Enquirer: 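I'd like to ask you about the structure that follows.
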Amino acid sequence: VQLQASGGGLVQAGGFLRLSCAASGRTFSTYVMAWFRQAPGKEREFVTAISWSGGSTYYADSVKGRFTISRDNAKNTVYLQMNSLKPEDTAVYYCCAGAASFGGSLSTNYYDTRRYHYWGQGTKVTVSS
């Protein structure tokens with residue numbers, strides 16, 4: 001699976017962005033998907049994840065209520081709608097994929113980078129104050 005993230009950019013605090021992650025291959029619907037982010041000088045952190053069907057979603061406390069993950073399996077794409085952006089959301093955002101049949105229930109390890117075996121190149125989000 002190859003992943004291509006897009007949609008990053010510069011936005012003022014309180015604004016919004018929509019990130020997209022397009023996946024190659026015909027088995028997209030068999031993968032759980034997630035977004036992580038990494039700010040300068042910090043470790044990569046979990047943002048949100050979604051099950052293969054889209055029926056289950058998980059969010060970091062820091063983005064809950066502001067960010068929404070969704071997927072369109074017919075388009076092999078996962079989205080991250082980011083509203084009410086804050087300067088602390090500034091980071092490079094990475095989408096990633098993991099086989100749904102691997103690693104057990106997503107509810108137990110959605111936040112763990114080891115759950116995901118394929119990573120995109122990242123898209124930069126900068127939120128100005």
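Please read all numbers here as calculations on a predicted model, not as lab measurements.
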Enquirer: Are any non-hydrogen side-chain atoms of V125 and L17 less than 4.5 angstrom apart?
Expert: yes

Enquirer: Before giving the answer on side chain to side chain contact (heavy atoms under 4.5 Å, CB included), spell out for F28 and R71 the whole-Å C-alpha distance, their side-chain angles and the decisive distance to 0.1 Å.
Expert: CA-CA 10 Å; F28 177 74; R71 66 190 296 162; 3.4 Å; yes

Enquirer: Applying a strict under-4.5 Å side-chain criterion to I, L, V, M, F, W and Y, I'd like to know whether Y94 and Y118 cluster together.
Expert: no

Enquirer: Measure the shortest side-chain to side-chain distance between I69 and W35 over non-hydrogen atoms and say whether it is less than 4.5 angstrom.
Expert: yes

Enquirer: Is there a path of hydrophobic side-chain contacts, each under 4.5 Å between heavy atoms of I, L, V, M, F, W or Y residues, that connects F36 with V78?
Expert: no

Enquirer: Could you check whether any side-chain heavy atom of Y59 comes within less than 4.5 Å of a side-chain heavy atom of V47, counting everything from C-beta outward?
Expert: no

Enquirer: Can you tell me how far CD of Q4 sits from SG of C95, rounded to the nearest 0.5 angstrom?
Expert: 8.5 Å

Enquirer: Tell me, please, which residues at least two apart from S105 pass side chain to side chain donor-acceptor pair (under 3.5 Å).
Expert: S107

Enquirer: Are any of the side-chain heavy atoms of S84 and F16 separated by less than 4.5 Å?
Expert: no

Enquirer: Roughly how far, to the nearest 0.5 Å, is OG1 of T90 from NZ of K42?
Expert: 10.0 Å

Enquirer: So C21 and Y79, do their side chains get closer than 4.5 Å, heavy atoms only?
Expert: no

Enquirer: Do Y116 and Y31 have ring centroids that are under 6.0 Å from one another?
Expert: no

Enquirer: Is any side-chain heavy atom of L80 closer than 4.5 Å to one of T68?
Expert: no

Enquirer: Evaluate the side-chain proximity of W52 to M33: yes if any heavy-atom separation is below 4.5 Å, no if none is.
Expert: no

Enquirer: Check for me, please, whether Y93 and V32 land in the same ILVMFWY cluster - side-chain distances under 4.5 Å, paths through other members count.
Expert: no

Enquirer: Is there a side chain to side chain contact (heavy atoms under 4.5 Å, CB included) between M82 and R18? Walk through the geometry before answering.
Expert: CA-CA 6 Å; M82 305 186 296; R18 188 193 196 201; over 6 Å; no

Enquirer: Just verifying a value: how many Å separate L106 CG and S56 OG, rounded to the nearest 0.5 Å?
Expert: 7.5 Å

Enquirer: Is the number of heavy atoms from other residues, nucleotides or ligands under 6.0 Å of E88 CD greater than 12?
Expert: yes

Enquirer: Identify whether NZ of Lys or CZ of Arg in R44 sits under 6.0 Å from the centre of the six-membered ring of W119 and within 45° of that ring's axis.
Expert: yes

Enquirer: Do L19 and T123 come close enough that some side-chain heavy atom pair is under 4.5 Å?
Expert: yes

Enquirer: Residues in side chain to side chain donor-acceptor pair (under 3.5 Å) with D89, at least two apart?
Expert: R37, R66

Enquirer: Charged N to carboxylate O below 4.0 Å: is that the case for R115 and D112?
Expert: no

Enquirer: Between Y111 and F46, does the ring-ring contact (aromatic ring centres under 6.0 Å, His included) criterion hold? Intermediate values first, please.
Expert: CA-CA 5 Å; Y111 50 83; F46 168 78; 7.2 Å; no

